[in-house]
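First up is the structure itself, then whatever we jot down about it.
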Number of protein chains: 2
Amino acid sequence: MTAHDGERRRDRILTAAERLFSEAGIDGVSMREIAAEAGVQLALISYYFGTKQELYRAVFRRRIEPVSEERLAMLQRILERKNPPPAIEDVLDALARPWVELRDTRGGLLYTRLIAREVSDLRESKRGIVKEMLDPVARRFIAAMEKVLPDLPRSEIHWGYHFFIGALLLLLMSTDRTQRLSGPLCDMSKSQKVIDEIVGFFSRALKTAAAERRSASGRKAKSAKGKRR
Amino acid sequence: MTAHDGERRRDRILTAAERLFSEAGIDGVSMREIAAEAGVQLALISYYFGTKQELYRAVFRRRIEPVSEERLAMLQRILERKNPPPAIEDVLDALARPWVELRDTRGGLLYTRLIAREVSDLRESKRGIVKEMLDPVARRFIAAMEKVLPDLPRSEIHWGYHFFIGALLLLLMSTDRTQRLSGPLCDMSKSQKVIDEIVGFFSRALKTAAAERRSASGRKAKSAKGKRR
DNA sequence: ATTTTTATTAGACGTCTGATCAATTTCCTT
DNA sequence: AAGGAAATTGATCAGACGTCTAATAAAAAT
């Protein structure tokens, strides 16, 4: 085959690996299966990526950077906005949307499953993919949450972040079960709906908690202007 | 070795398999590794469990039933209680506690990781472990949530359930990352604390939503004590 | 036009895989 | 104490595994 489409072949390998890894994990897929799926000779994978582990990392690298950049860009736009001032739902939206919407496009769903699988893997820390590629973005978002919810203790912000990510991950990775248990009650078909539900739920929860804190400390100090809600 | 500890050997195999499967998944572990970890001859695994898949299922079966029974017993005790009447935090507590506390005891942590891994596996539906062993309990709990929060639309109950399970799973399976990102702000060492945080967060969120519904529908229809779904 | 570099192929390597066998030991029942 | 069932062993099977190497084909550089 011509080498003119060389870049295409390298990409085809990544796409095939992404599909298969997301279904069965790094150990559930053989290099030969990947080669076959990509319509490529086995040795070509080693030529481009070296070992299987390195191929695995390359699959992540291709997708993480665009999503992270979009998330951070959205976040910065929000934080710089003057009116209306940035709110928690905007921050959570910037966290969820680039990811959830990736689901709709090119094999994005596969990639979200891949991430979910990686996070749940005990050997993850050995590979360090999450730590290297995802943690920096996470810290930025947590900081933003602290900024837009100054009344809420930092520990509650952090808990909320982890709960939110957990909910998001489960939703993205096990849509089957959600459908099985909830059927028409939870419509997962439209990304927009899913984002609205999860962002709405968590920002309501966090805002309520912040309001309670505010009124509690207001009560403690003399000028209790009322226990909101 | 004496066959007197025959049942012990069968159990040793299960324990070893549980440890290794939870770390590396069904494909990341070989029968030989399991045999070595259990201090047992390779063929003995096939003797007791047949194929590798069947061993995998047996690992789940051993743990799921006790936890499910405890959950359902707690749930029933709660629902039958007259005063104070059952509240959402009791239901969520019954959902989380038997699982989180399992973490402290015998290799329970490993098992929770195993479940998390299984839920995130696309081939899960083929094996059907989650569907067969976990879904029935899930339905009971969703029904209970609907019962103690009659004002909340069913769809919001379902979303809340999935969010809760997602948060719980992530917390149980990736404690490393939680510590890495939040350090002392999220103390994962005491199970009691973790349960309190997650149960508190979600029951506050759901109760607030229900209260808003109540006042909203109270506003819409005048004295309507609620269009119960 | 010739050399150098980059892509791509075909094949084989030693090792490990899950499964199965007959043979042997241990246990339980009588 | 004998006999049958259950437990355990060591060995072996064909095949799949990831990786490597040498050879070829195409492209780029000179």
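A, B, ... follow the sequence lines: proteins, then strands. Residue 1 opens every chain. Just so it is clear, the model here is predicted, and its values are computed rather than measured.
- Side-chain proximity of B/Tyr47 to C/dA12, D/dT8, C/dA7: nearest is D/dT8.
- A/Ser30 comes within contact range of the sugar-phosphate backbone alone, with a heavy-atom separation under 4.0 Å but no base atom that close.
- Using a 4.0 Å cut-off between charged nitrogen and carboxylate oxygen, B/Arg123 and A/Glu23 do not count as a salt-bridge pair.
- Between A/Arg97 and A/Asp93 a salt bridge is recorded (basic side-chain N to carboxylate O distance below 4.0 Å).
- Taking 4.0 Å as the cut-off between side-chain N and carboxylate O, B/Lys190 and B/Glu197 do not count as a salt-bridged pair.
- When the side-chain nitrogen and oxygen atoms of B/Thr51 are compared with OP1 and OP2 of C/dG18, none of them lie within a distance under 4.0 Å.
- Phosphate proximity of D/dT8 to B/Arg9: present, with a side-chain N or O under 4.0 Å from OP1 or OP2.
- The phosphate of D/dT8 (OP1 or OP2) has no side-chain N or O of B/Gln41 nearer than 4.0 angstrom.
- Computed from coordinates, the B/Ile45 CD1 to D/dA7 P distance equals 16 Å when rounded to whole Å.
- Regarding A/Arg8, its CZ atom lies at a distance of 11 Å from the P atom of C/dT8, rounded to whole Å.
- For B/Arg32, the side-chain atoms get nearest to C/dG18 when compared with the rest of C/dA10, D/dT19, C/dG18.
- To the nearest angstrom, P of D/dC17 lies 14 Å from CD1 of A/Ile26.
- Separating the CG atom of B/Leu44 from the C1' atom of C/dT25 is a distance of 13 Å, rounded to the nearest angstrom.
- The B/Ala43 side chain lies nearest to D/dG10 when the options are C/dA19, C/dT6, D/dG10.
- Here the C1' atom of nucleotide C/dT17 and the CG atom of A/Asp27 are 13 Å apart, to the nearest Å.
- Which of D/dC17, D/dG10, C/dA7 sits closest to the side chain of A/Glu33 comes down to D/dC17.
- Taking the six-membered ring where tryptophan is involved, the planes of B/Phe202 and A/Phe163 are tilted, since the angle between them lies from 30° to 60°.
- For the residue pair B/Glu118/B/Tyr56, the side-chain donor-acceptor check at 3.5 Å is satisfied.
- Closest to the side chain of A/Tyr48, out of C/dA19, C/dA7, D/dA7, is C/dA7.
- Spacing between atom NZ of B/Lys52 and atom P of D/dG15 amounts to 19 Å, rounded to whole angstrom units.
- Here C/dA19 presents its P atom at 14 Å from CZ of B/Phe49, a figure rounded to the nearest Å.
- Regarding B/Ile34, its CD1 atom lies at a distance of 10 Å from the P atom of C/dA19, rounded to whole Å.
- Applying the 4.0 Å criterion to OP1 and OP2 of D/dA6, one finds that B/Arg10 has every side-chain N and O outside that range.
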